[in-house]
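These notes concern the structure reproduced below.
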2 protein chains.
Amino acid sequence: MHSSKRVLFLDLVLSLFRLNGLLIAEGDAMTEQLGLTSARWKVIGAIALSTAGLTVPGIARVLGQSRQAVQRITDAMVQDGVLAYMPNPKHKRSVLVTLTDEGMRIYNILREVQDPWAIENTEDIPSEELETTLRLVHRLIKKFDK
Amino acid sequence: MHSSKRVLFLDLVLSLFRLNGLLIAEGDAMTEQLGLTSARWKVIGAIALSTAGLTVPGIARVLGQSRQAVQRITDAMVQDGVLAYMPNPKHKRSVLVTLTDEGMRIYNILREVQDPWAIENTEDIPSEELETTLRLVHRLIKKFDK
DNA sequence: GAGGCAATGACAGCATGCTGACATTAGCCA
DNA sequence: TGGCTAATGTCAGCATGCTGTCATTGCCTC
């Protein structure tokens, strides 16, 4: 029945708006002691997970955000000594964003908070449900990201 | 295995951030011709769904946002003639927010865009997956909302 | 009825997203 | 090689979240 899926979907969309706000609050609380915010948490995570090195527009593509928004965050984090801009052998103007020693230290501490948080919040959730949800979310992302 | 659920969950969280941005963009595109934005879409939806009438803090509680953020939106929408503040018999200062005739007209047109959008985007998704996802999202909301 | 605590309105400041615009550089194709 | 188009840096403006603060009103309890 279309109508019931329609209602389910609209409920899901509103719930996702709500959950997004709560997750940002969680991220802010978790990273507060480290001098981070949820926005910087996302950026530092993207850089830490990249193997080859990322430029500012590259981070923006990974996070699905505008390059201008990411640029503002990275500029602030470079100012704070967490990130550094390194010459990019492949591009004269578009520098690579890297973690400083301080940035790596923070990322390591971050994981000590983040990992238990992730484990704790999935204790009572079966893997199959997580997988179904993740698959559906990825499908929706692919659908809307054109 | 904890570790695999941990990774699934962190992947899910990042994906939800991404999807949230895409959904806001969808909402903006869908409501653009109506002179709305995704933020106003949420507010008008909350009011339209309420039977008893809502105050500004009441809308904020429904949406899980700060009352100040909602107040700014409703003030602008009253300015635009979409919403109106009505006396609240139960409270001298906290007025009720209602749809004007123009607001109801817009909400009806909105549904003509929103419903096909919801149906179209769930065509290839089984109901069971939608239900599983919605249930999981609600569980996470309950977990984080204290 | 009086007092105290919670809820609300109002204003301010800030963080984080977005878009637009413009100059410069890279990269590709004729 | 020359030139066109896309990608990038940069600055600006704006929308939408948040928090903090303070005065006022509601409500509950004593």
Side-chain angles (χ1 to χ4, degrees), chain A residues 16-29 31-32 35-44 46 53-80 85-97 144-145, chain B residues 16-29 31-32 35-44 46 53-80 85-97 144-145:
Chain A
L16 288 177
F17 286 145
R18 179 94 186 254
L19 180 55
N20 182 74
L22 290 169
L23 283 173
I24 286 175
E26 287 286 310
D28 283 337
T31 58
E32 186 177 34
L36 294 177
T37 61
S38 55
R40 298 178 186 206
W41 172 41
K42 296 188 217 173
V43 168
I44 209 173
L54 284 175
T55 63
V56 166
I59 298 170
R61 280 185 291 266
V62 169
L63 298 181
Q65 291 183 353
S66 73
R67 61 200 171 81
Q68 295 91 332
V70 173
Q71 184 85 57
R72 182 165 38 185
I73 303 286
T74 57
D75 283 350
M77 291 176 81
V78 166
Q79 202 70 30
D80 292 349
Y85 293 137
M86 302 290 288
N88 184 350
K90 296 184 182 168
H91 200 295
K92 193 188 291 183
R93 290 174 72 217
S94 195
V95 295
L96 294 176
V97 185
F144 294 134
D145 188 19
Chain B
L16 288 177
F17 286 143
R18 179 96 185 250
L19 180 56
N20 182 74
L22 291 169
L23 284 173
I24 287 174
E26 287 284 310
D28 284 337
T31 57
E32 184 176 35
L36 294 178
T37 60
S38 55
R40 299 176 185 208
W41 172 40
K42 295 188 218 173
V43 169
I44 209 173
L54 284 176
T55 63
V56 166
I59 298 170
R61 279 186 291 266
V62 170
L63 298 181
Q65 292 183 353
S66 72
R67 62 199 168 82
Q68 294 91 334
V70 173
Q71 184 85 57
R72 181 165 39 187
I73 303 284
T74 56
D75 283 350
M77 290 176 82
V78 166
Q79 201 72 29
D80 292 349
Y85 293 136
M86 302 289 288
N88 185 350
K90 297 185 183 168
H91 200 294
K92 191 188 293 181
R93 290 173 71 216
S94 193
V95 296
L96 294 176
V97 186
F144 295 133
D145 188 21

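Chain identifiers are assigned alphabetically (A, B, ...) following the order of the sequence lines, protein sequences preceding nucleic acid strands; residue numbering begins at 1 within each chain. Only heavy atoms go into these numbers, but all of them, side chains included; no hydrogens, no water, no symmetry mates.
When atom types are taken as modelled, the side chain of B:Tyr85 and the backbone of B:Asp75 share a donor-acceptor pair closer than 3.5 angstrom. Between the side chain of B:Asp28 and the main chain of B:Ser38, a donor-acceptor pair closer than 3.5 Å is present.
Within the 4.5 Å cutoff, side-chain heavy atoms of A:Asn20 are placed close to those of A:Ile24. In this structure, A:Arg40 and A:Ile44 have side chains that are not in contact, with every pair of non-hydrogen atoms separated by 4.5 Å or more.
Looking only at atom types and distance, the side chain of A:Asn88 has no donor-acceptor partner in the side chain of A:Ser94 under 3.5 Å away.
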Could you run through nucleotides 8-20 of chain D and give me one letter per nucleotide, 5' to 3': B if any protein heavy atom sits under 4.0 Å from the base, S if only the sugar-phosphate is that close, - if neither? BBBB----BBBBB
